There are 2 protein chains.
Amino acid sequence: MLGVSTATVSRAFSEKGRISEKTRQYIIAKAEELGYCANIHARNLSSSNSNIIGFFYPSISTEQPDYFIIEIQLGINQVLLSTGNLLQTNPMPPESQGNGPLASYRDYILSGGLAGVIIVAGSSESVKLVEIARAAEVPYIVIGHMGIETQYTVTFDNAIGAALAGKYFVRTGRHHPAYIGGHLDKRKQKGFREGLGETAASLIFHTGGHTFGGGATAFRELREKYPEIDCVLCANDVLAAGFIKEAIAGDVRIPEDIAVIGFDDVRFARYNTPAISSVSLNLHLLGSTAAQMLFKYINGEPVTPELIRCELIIRESC
Amino acid sequence: MLGVSTATVSRAFSEKGRISEKTRQYIIAKAEELGYCANIHARNLSSSNSNIIGFFYPSISTEQPDYFIIEIQLGINQVLLSTGNLLQTNPMPPESQGNGPLASYRDYILSGGLAGVIIVAGSSESVKLVEIARAAEVPYIVIGHMGIETQYTVTFDNAIGAALAGKYFVRTGRHHPAYIGGHLDKRKQKGFREGLGETAASLIFHTGGHTFGGGATAFRELREKYPEIDCVLCANDVLAAGFIKEAIAGDVRIPEDIAVIGFDDVRFARYNTPAISSVSLNLHLLGSTAAQMLFKYINGEPVTPELIRCELIIRESC
DNA sequence: ATATAATGCGTAATCGTTTACGCAAAACCT
DNA sequence: AGGTTTTGCGTAAACGATTACGCATTATAT
């Protein structure tokens, strides 16, 4: 205590309340000198808010980085750095791996620890988390398509992106297309078919994991069964990389023999040799848009759903 | 209030204090029913701790993901998932970009918001942050080499890793080595030289950015000035990817004409074509080790510095 | 000069837990 | 049965801020 009440000290830091500029300066100076810093827990308790934003995403593996998620996170962080908020990153491993951390995430949200949350669609846990956020009345933004009716969402139009890829293949004289991915990405499949038009008649589907190894396996299986295939759309870039690598190892020329397009346009797609053509979702923009929407929500401003445009980036694999 | 005092409710959840099994069950059940969840801020204030771990790292860019950092984060998260702690990720952009978020990070640490911090060496801000953590008496672990005397550190021996690369080049009959990197990584340079032995006499240094573009530029410049170069050690994998891509574009065969080794062994090194040989730092292990050390520190157990072994992974680029 | 409004700051209640303390009841001795 | 220990739980004091309220003091208006 340096001659003033705690209320005054609080006012000196809070930018609210009435206080003379002189005492504010004095208190700030003294605080600096004494190394005083307002206790964050007391602050949060008293004012019942927080400056932490939670980012929740399905995590495929605890071993391999998920380039898709990382680039979204980068976009979120860019916004947060300018607002002084902090980011908490919460992977949600597949349910098979024990009960998982969902219970602990749930408690954290319910107990008011977060100012808002951003949730990436893709697993059943994502859906549960949205319900928790709603129940706790914590502002939330959903990234991607979830079977939930909500305005707080930013999506990308996979179908249009896939259609662009289909049209490109037709335009560049390809006749034997294949699609490699999971059975869940119906939108991509449907869009691709639309883009291909009549050529869709000869379309081959191949389902497998969304991994590098999955791409390699897909190449081998397709090559054996359907040697006529001359163009491939992959559900993501890592998958495309695996396909391309195995193709080159099998003396198939990319793009001369088979043209390949990936999905997401993650950073390393352009590092690859040949550089991978990709349907760009603009992940960075996706993340930063989600963050901006969340702040609007938190501040009580109206929020409308956003859609990020897909763009087809042609590189050496085509 | 359902007939018991708040103290009893607290005891029902805290696993400490004395409470009969019957009332605990009763309270838990009722809590579930009423959707009660202990307020995290009050908890933290009262018990003056937190379950959040802060992860601070120098961030090169808000646009490009830093694969090095990401894989460390993955390792940290794996440990955290099993302990019920939460991770807060805090990029530290280069100082040039405005004042930066350091002040806000400082306040957060000083105000007791974090149970512990993990700091990646590499910028002047990293050093400041360590000093802040010390001043605030918050448990911390440093990843990498910082000019600070501390036992709370986990490092990797760059020099030994680089020496392995040097020896490999000599053993496989290369005679005109080059090193591409920054002027800061003296350890790598020194180790490489040692590994090369006599061959070090003809070593060419090239300094530039640690980026993909930097690798491409390096290839062009070196090729023009020193066409005799037949093996290259790059300061990281992304740099190596850029070098390789530009080399292939210039009709130089990898590895026949030039053998290339990268550093870090990030995930995509093996996706590349040709797959990039790399000095593996085992980033995942680096992260999980740091997290485990931090928990020891937090629990008051003795902590000794750890060193992660480097390993040379040979792939197609050699 | 007086009335009125604006400003600055201290008092004390509040936020929702945890936990030392104390007392009754139950459990354990001999 | 009487004494001692153990157990279960309520009381109330922290934890360290924020903020409504009220009282001086100063500024503004008439």
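If you're wondering where the values come from, they're calculated on a predicted model, not measured in any experiment.
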Please confirm whether the ring centroid of A:Tyr297 lies under 6.0 Å from the ring centroid of A:Phe295.
no
Just checking B:Glu301: does its CD atom have more than 12 heavy atoms from other residues, nucleotides or ligands closer to it than 6.0 angstrom?
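Yes - once you tally the heavy atoms of other residues, nucleotides and ligands closer than 6.0 Å, there are more than 12.
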A quick test of your reading: do over 12 heavy atoms of other residues, nucleotides or ligands sit less than 6.0 Å from CZ of B:Arg309?
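12 or below, so no.
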Between A:Lys30 and A:Glu33, does the salt bridge (Lys or Arg N to Asp or Glu O under 4.0 Å) criterion hold? Intermediate values first, please.
CA-CA 5 Å; A:Lys30 277 291 177 188; A:Glu33 195 181 317; 3.8 Å; yes
For [X] and [N], give me the distance from atom [atom1] to atom [atom2], rounded to whole Å.
| X | N | atom1 | atom2 | value |
| --- | --- | --- | --- | --- |
| B:Asn49 | C:dT17 | CG | P | 15 Å |
| A:Glu21 | C:dG8 | CD | C1' | 13 Å |
| A:Lys22 | D:dT25 | NZ | C1' | 13 Å |
| A:Ile19 | C:dA6 | CD1 | C1' | 16 Å |

Okay, side chain of A:Asn236, backbone of A:His210: is any donor-acceptor separation there less than 3.5 Å?
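Yes, because the side chain of A:Asn236 sits within donor-acceptor range (under 3.5 Å) of the backbone of A:His210.
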Annotated protein contacts, base or backbone, on nucleotides 12-21 of chain D with a non-hydrogen cut-off under 4.0 Å, one of B, S, - each
---BBBBB--
Validation row: B:Ile118, B:Tyr140 side chains within 4.5 angstrom (heavy atoms):
no
